[in-house]
Amino acid sequence: MMTNGVVHANLFGIKDWVTPYKIAVLVLLNEMGRTGEGAVSLVERRKLNQLLLPLLQGPDITLSKLYKLIEESCPQLANSVQIRIKLMAEGELKDMEQFFDDLSDSFSGTEPEVHKTSVVGLFLRHMILAYSKLSFSQVFKLYTALQQYFQNGEKKTVEDADMDREDGEKQMEKEELDVSVREEEVSCSGPLSQKQAEFFLSQQAALLKNDETKALTPASLQKELNNLLKFNPDFAEAHYLSYLNNLRVQDVFSSTHSLLHYFDRLILTGAEGKSNGEEGYGRSLRYAALNLAALHCRFGHYQQAELALQEAIRIAQESNDHVCLQHCLSWLYVLGQKRADSYVLLEHSVKKAVHFGLPYLASLGIQSLVQQRAFAGKTANKLMDALKDSDLLHWKHSLSELIDISIAQKTAIWRLYGRSTMALQQAQMLLSMNSLESLNAGVQQNNTESFAVALCHLAELHAEQGCFAAAGEVLKHLKDRFPPNSQHAQLWMLCDQKIQFDRAMNDGKFHLADSLVTGITALNGIEGVYRKAVVLQAQNQMTEAHKLLQKLLTYCQKLKNTEMVISVLLSVAELYWRSSSPTIAMPVLLEALALSKEYRLQYLASETVLNLAYAQALTLLHMAIEPILADGAVLDKGRAMFLVSKCQVASAASYDPVKKAEALEAAIQNLSEAKNYFAQVDCRERIRDVAYFQARLYHALGKTQERNHCAMIFRQLHQELPAHGVPLINHL
């Protein structure tokens, strides 16, 4: 059988077969052996040695591409290889025969050029053996394929030369030797040998895990996998990579189909059972059920996941497989983490994982426990101590992936507790660590989920401080690192939509904010409903907003989503304020404050106190303003200073004329500071309120010029923005 110049009998029945590309590699090896040490510099020889492994393990590439790779390492040798291949392709069949006969001389002598057991030696022996097994007709077909391979390479070389002349100084970007397999390289090759297929699968699997952007696109990768499976349907590893590839595009049917085929082929080929007998068969079955449970859980099919997990537990118990049972226990927690007693299951899982020497599972269990305790309102110092213990496990066992997850977890915890400075520090620490760490095969381990989470936090923190240009740069970097079809793209999509929504609301463009709600809802239903209520409230549709908030409050209380419960309560209280019902708002705010204190959510507690301070004046305000100015968003800093000004004006009512004038001057200065904060986030609606209030104060002080200036600013903004449903002076 012959396909694309590849002569082979039974696919994967032998380790390798001869192709025109491999003949070209053999010519390169032969020329390297014939070239004296003085003819090639030490640097060039080192580059050639680094080039060899990708050439031997990778798929077949075009001759022009091979020439370029050799030329980048040693131009002199590239010219020799090109001449040698040309003489062989333009000569006769006996030239190729003579070439293979001469290859055996590489192993002869007391000091042979190549050792038989080396990587190059094994490759040469495989090629010589494969060539010797060919019949005469197959040898003739191989020579014909070599001639065609040479002609195509020459044609491509001429085309590239013409393009270089047309483009002048334009040069092709130099590629690293250990980069991932490019689509054009795969498409030009025929069926892969077993070694090439294994290398291709392992490389693509590593890229999908660590740097998805460098892997083949989902469609191209699936095409190559289908080509592999066409020649060998029982190739289990190809089915598993197909499963991972289908997960990228959220294809539940195809991913389930590929996963089941993987374990079926694993059992049929006896890959698990050769050394373990029946135990290998049972091991495949229980891990098949476990992986199926994880797959269903990923797609939200919790009932099917629970059934598959029960099956895995049953088989593992029959086989007394404690490692598999530990994985099942971890997934039991994932499926039942909303239950009140789930922490007991998790603690038991961590203890068992440590007992059986499973540091990866133990660390994940500790981090899940920390996350659960954070939502339960435990103190930050206890959580950080627990994460420190897990970090010791990571460094001890070199679990670099879990180190990244741990730092991302710390970033999220500090943000949850309202400590933006600490969150920023942790996020930058993670980015610095990843920028220094490089894996093999040219993979930068900075395209993982933890890296995406840290960058999203960084973008939101910059947006909160009014640095929208910096936030935009971070999001642009996220889009480059995680294209829309990648599995972690939803993280930056939601982050981008939320930042755009906040900017639209600050700018008074409620119609634009309303159009963004659909996208947010598609990515996060709870967040989308909450923001829809915020838009309705801003558009003075109080009844609809109140109904939506009440439904959302009930749902979040059921899910025990405390952070969102407090946010909803604050929105309900603001709705009551704007409806001129402050007495009804007080119990709602007190409930929000109690929850914030109980769960130690400092930032939300400060925001709640800020709302209460509107009714309770300066005493409460001093409790809230320091955390707001230290870690709060720029918008909240402006609101705090605006409220301070209002309180100063209210308290100055009983002062004598001299002290009252001083108090009003101080209030005007605080209003100017508030206006600067609002200007940073382009919140023109609140700038309008500040201008109105400043104009009133300047009028009271008899400063006509300043009053007229503020009145003009107010009028301009009032004509551009929609009016409030309540008096401006009463709006927080």
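Note that the numbering runs from 1 along the sequence shown for the chain. Here the structure is a predicted model, which means the values were calculated and not measured.
- Aromatic ring centroids of Tyr240 and Tyr243 lie under 6.0 Å apart.
- Residues forming a ring pair (Phe, Tyr, Trp, His ring centres under 6.0 Å) with Phe100 (at least two apart in sequence, or on another chain): Tyr131.
- What you find for Ala293 and Leu309 is that their closest heavy atoms are CB-N, 3.8 Å.
- In this structure, a donor-acceptor pair under 3.5 Å is absent between the side chains of Thr448 and Glu401.
- For the residue pair Lys133 and Gln138, the shortest heavy atom distance occurs at O-OE1, 4.4 Å.
- Under a 4.0 Å N-O distance rule, the pair Lys68/Glu72 does not qualify as a salt bridge.
- Formation of a donor-acceptor pair under 3.5 Å by the Gln250 side chain with backbone atoms of Leu247 is found in this model.
- Of the candidates Lys223, Gln222, Lys230, Asn226 forms a side-chain hydrogen bond (donor to acceptor under 3.5 Å, both in side chains) with just one, namely Gln222.
- Ring orientation note: the planes of Phe482 and Phe451 are tilted relative to one another, at an angle of 30° to 60°.
- For the pair Gln147 (side chain) and Ala89 (backbone), a donor-acceptor distance under 3.5 Å is present.
- When atom types are taken as modelled, the side chain of Ser242 and the backbone of Ala238 share no donor-acceptor pair closer than 3.5 angstrom.
- Under 3.5 Å, the side chains of Ser220 and Thr217 contain a donor-acceptor pair of N or O atoms.
- Remark: side-chain polar atoms of Asp60 are not paired, donor with acceptor, to backbone N or O of Tyr21 under 3.5 angstrom.
- Inspection of the Asn245 and Arg248 side chains reveals an N or O donor paired with an N or O acceptor under 3.5 Å.
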Side chain to side chain contact (heavy atoms under 4.5 Å, CB included) between Ile85 and Tyr149: does it pass, once the steps are laid out? CA-CA 10 Å; Ile85 294 175; Tyr149 182 70; over 6 Å; no

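- By the side-chain contact (heavy atoms from CB on, under 4.5 Å) test, Ala289 pairs with Glu311, Ala312, sequence neighbours left out.
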